[in-house]
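The block underneath contains the structure these notes are about, expressed in structure tokens.
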Amino acid sequence: MSRRGHRRLRALASPVVALLAIGGIVAAVAQAQPPAGVVHQPGGSEQELMRLGAGLFAANCASCHGSLGGGVPEPSPKGAEGITGQGPPLRGVGELAPDFYLRTGRMPIEHAGEQPERQAPQFNDREIRALVAYVASFGGGPKIPHPHPARNHLAEGMSLFTEHCAGCHQIVGEGGFVTGAKVPVLQHANATEIAEAVRIGPFLMPRFSEKAISDPELDKIVAYVLKSQHPDDAGGLGIGHLGPVPEGMVAWFVAAIVQVGVCVIIGERRKA
Amino acid sequence: MIRRLVTFVDERSGAAPLLRKTLRYAFPDHWSFLLGEVALYAFVVLVATGIYLTLFFEPSTAKTVYHGAYEPLQGMEMSKAYASAIHISFDVKAGLLIRQTHHWAADVFVAAIVLHLIRVFFTGAYRKPRELTYLIGVLLLFTALLEGYLGYSMVDDLLSGMGLAIGYGVALSVPFVGANLALAIWGHPFPGNADFWSRMYIAHVLIFPVLIGGLLTAHLALVASRHHSQFRPRRKVNGERKLIGVPTFPGQAPRSLGLMLAVAAVLVLLGGLVQINPIWLWGPYHVSQGTNGAQPDWYLGWLIGALRLMPHFDVVVWNRTLVPNPFWGGILFPMLVMVALIAWPWLEQRFTRDRRPHNVLQRPRDAPVRTAIGSGFLAWVVMIFTFGAADRVYVFLGIPYETQLWFFRVAIWIVPVLLGVVVYRLCLALREKEEVERDQQAAVRSAPPSPRPEGSFPRRAETGAAPPPGSSEGRTRRR
Amino acid sequence: MKIGRKTLAALGVLGLLAGKGKRPRRERIVAAGDPDRRAELVVVALLLAASACALMFLVVYALDWSNLTQWLGLCLGGALIFLAAALIVFGQRLVVTEQLEEDYPEAGEPEEQIAVEQIVRESGSKITRKRLLGGAAGLAGGAFGAALIAPAASLGPVLDTESLYYSPWHRGRRLVDEDGKPWSADDIEEEAFYTAYPEDADREELAAPLVMVRLQPAALDLPAERKDWAPEGILAYSKICPHAACAIALYRTPRFEEAEPAPALVCPCHYSTFNPADGGTVEFGPAGRNLPQLPLMIDDAGHLRAAGQFSEPVGPSFWGIRTRRPSSS
């Protein structure tokens, strides 16, 4: 590069570095904040669990789910920071649903109707237990499931998964699209979360009760999903387990580039 | 010793003159001329690995129950075709290596053809007298697409089974005769009968390879007969009459062989280290099953993009379905592209009124209209291809599928036109810059040297030193 | 280095004159080149490396580990890389790279073209009835060509598309699951989806698999003639997409109806989206036809049975698909 080019590059460097630094600081600050509207109770470790749960619920959930979990069918301006509340009732959901949504960070969400997506839990473990206990106290409902993934029934698990789940979640749980929603990847789900999701049918997912998928069948599905998180990559690098999309990218961005490079090397003329 | 061998052969075949001519046959030497060879060598790898696979693969739709090394398929019902592919992958020692090398070779084969086609198009190599060579090349491209589709569909896994179903839907969508065509190919409504698998198999291992081999031979024979085109030679030689190149022997031979081995090396390394088409993860195909994220191999991605872009309508006239929906994306679109590619040399001849033979290639900027139209056309196809993976883009980048759909429905028409205009302007601008610099250099050379103040340095043109980089004299044929 | 093609005139003679037993001194055809001893060593080293890799391949191949693919690939690929490198270095450094000049051939040879045309033309000197002969030959060729092509009609029921309207369903046929167990109405719950097959029939036909869902009867908006097709709100549709025959394996159902989209059946291939509440109309995606619906009834034992034929033939559209209902024979 000419000297002029080097000078130009250096001149660009300082504003670019400055921008990157600013961007980095902004991102770090944003990460450090909780999502808008999550309220933690001070001095939580001393309160009794139910009172803690009640307090957290009132502050974080009631604006959408109603003060006693009765649900808010029509959106109405309610709650702190002008959150427009609307949400399903929580009576009779037991421990299973709040445990799932809170442990996977899917709740609370900001707007009703937005897809709850997996993220770091927005409450700590004690707070989650408190909320779960409180919501379960609304009346009835299933307990937190304890699946026993059956490793020696992987073939059945695969059949069940293909039948009930693969259409949305992809055959090895790499997620996908259904009209109106993004179907989550299953790479991070543990056995309990898988069982919970199947029984709840969160957002646009179907809900499979014990009649549709029995507990032993659920165990097999859980085993298959856990196995799919570490599939048998006998062929080498798994490149996403998606098939032709990443394969085509490798063909073009690895193989084709290398081949063209070899052509450039060979095509060069060297004096004898 | 060589003399004795050559004498032996020549006395019995008269081959010595041909041998001599072949050994000293001259090839113009530019790296972009080697892209076609990359495709050729990928085909060689395909045939070699393919022969090995035919020694193990069982093209049978008969049902069997799997009892083998791979746990999650244990006890599952599947076709013998699928079971034999699993067997190759897990029980035959180098089976998975060869199977994956074969599949990577197919992907790279088509990619190399496309790169080669792009080079041929943008340098005008298809002009007289090479129109037939070009036509055969385009036919090779489309034959290769079909061959690849048949190859990965034979395995009867979930992903390729869904692809075959779509192929069936596309066949049915041919106006008037679609039903008859689909029944002729499949022998029976989908999923067809056992004959269909025999047809796929023999088409893939015999009919199409022979066809591709024959077309390739004709393609290479025509290239050799007319000699390879070249960029304008640096020396003061009439490039249209005289070719300057490196002879087959000893110059080109080791390099070509080296290229072949390099192509094979890349394919074998990919085949061993990067997983492709892990059919044991997909499971066997059943008519009532589907998975999200199912895609055809990359070279058919343009078709899935086109199929997904269409709004929902069948063309119906008095209860007769004249044009079912898959026709537009599955048949009309690829036919249009093929016809456009084939017709281009003759279209260009008509519009430029240039029917002279050409052996000298043009730089893309020297044919701005062609480069602009070609860029626009390529952008059109590439954008449709890109939309084909919109669901994965949604999962990966978060851009909603519906948003992408509406964006692409508009953009595939606007962007190619805009790009064409920009490229056209760019070509003209680059040429203008060259002309200005050339004029400047000429002016500097012809002007008398002005008296130099004492102690100053002489100007570059006077000392005859190398011109600075970026000027037209420094910028010769690539490199 | 430029070498013109010269005819070698006196070489052999010179050689013979020079003396018996000696090789005749001929003019060089291939240009001479300076040696490059370092490159020779490099090539040898690369060839040795290639040999080592190839031998490693043999060793690894003989091993009895479970998955050798990566090792085999590395060894064979390595051998190929070193061989390729050896040849490339050889080609760049150890052989001369001459720049020969060759003539491009003429675009065509008019003399020969005329001669060919002349040969063909003059060969017809004995023929007086050219058009009659030509017509007869054309007829024979056409007929013979048709005869050669005719066996292709046996590839399938090419002229008889009746099989495309076939459906194994008929009034009274029971719905069973993949294990053959009959589906009861009580098995079908809201917010889930189920696959059903016809009892005692081939499952790998396009018209065989069904997808079942249950909606609130009040939420249904079926066409007038289908008002009784969904007992208790249980709906059955073909599981095969009318766009391009993929299985409709996705069901979207809202947890909270007030803020989420209504239930829909979606196909994973091109995302055609069908509304089960109103007879399978297309909401999104490229499907050109509605999803065929199968009427259901509940028998005395509480099992689900087909109450008739599909609303239209199953599978991708073709010429006559809208002209009639499917038949089960």
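Proteins get letters first, then strands, A, B, ... in listed order; numbering begins at 1 in each.
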What option among A/Gly248, A/Cys168, A/Ala256 has the most heavy-atom pairs under 4.5 Å with chain B?
A/Cys168
Most chain B-contacting option - heavy-atom pairs closer than 4.5 Å, from A/Asp233, A/Val245, A/Ile239, A/Val172:
A/Asp233
Short side-chain donor-acceptor distance under 3.5 Å, B/His30 and B/Ser32:
yes
Who wins among A/Gly235, A/Cys165, A/Gly157 for the most heavy-atom pairs under 4.5 Å with chain B?
A/Gly235
Let me know if A/Ala223 has heavy atoms under 4.5 Å from chain B in its side chain, its backbone, both or neither.
neither
Among the listed options B/Tyr70, B/Tyr152, B/Phe396, B/Tyr66, the residue most often paired with chain A at heavy-atom distances under 4.5 Å
B/Tyr70
Which residue out of B/Asp391, B/Leu281, B/Asp297 racks up the most heavy-atom pairs below 4.5 Å with chain A?
B/Leu281
Are B/Tyr285 and B/Gln289 linked by a side-chain donor-acceptor pair shorter than 3.5 Å?
no
Partner chain B: residue of A/Leu154, A/Val262, A/Val254, A/Leu237 with the largest heavy-atom pair count (under 4.5 Å)
A/Leu237
Answer yes if the side chains of B/Ser89 and B/Arg99 hold a donor-acceptor pair under 3.5 Å, and no otherwise.
yes
Geometric cation-pi criterion, A/Lys182 with B/Tyr394: 6.0 Å, 45°
yes
Hey, does B/Arg392 have a side-chain heavy atom less than 4.5 Å from the side chain of A/Leu242?
yes
N-O pairing of A/Arg118 and A/Glu193 below 4.0 Å:
yes
B/Asp107, B/Leu35, B/Val274: which one forms the most heavy-atom pairs within less than 4.5 Å of chain A?
B/Val274
Based on non-hydrogen pairs under 4.5 Å, which of A/His169, A/Glu163, A/Glu174 is most in contact with chain B?
A/Glu174
Is it true that A/Glu156 and A/His153 share a donor-acceptor pair across their side chains at a distance under 3.5 Å?
yes
Determine the option with the most heavy-atom pairs under 4.5 angstrom with chain A, choosing from B/Ala389, B/Gly301, B/Pro296, B/Pro400.
B/Pro296
If you count heavy-atom pairs under 4.5 Å with chain A, which of B/Leu73, B/Leu34, B/Leu300 comes out on top?
B/Leu34
So, the part of A/Thr179 with a heavy atom under 4.5 Å from chain B: the answer is both
Max heavy-atom pairs within cutoff under 4.5 Å with chain B, candidates A/Ala255, A/Gly238, A/Ala234, goes to A/Ala234
Do NZ/NE/NH1/NH2 and the carboxylate oxygens of A/Asp215 and A/Lys220 come within less than 4.0 Å?
no
Is there a donor-acceptor contact under 3.5 Å from the side chain of B/Thr403 to the main chain of B/Ile399?
no
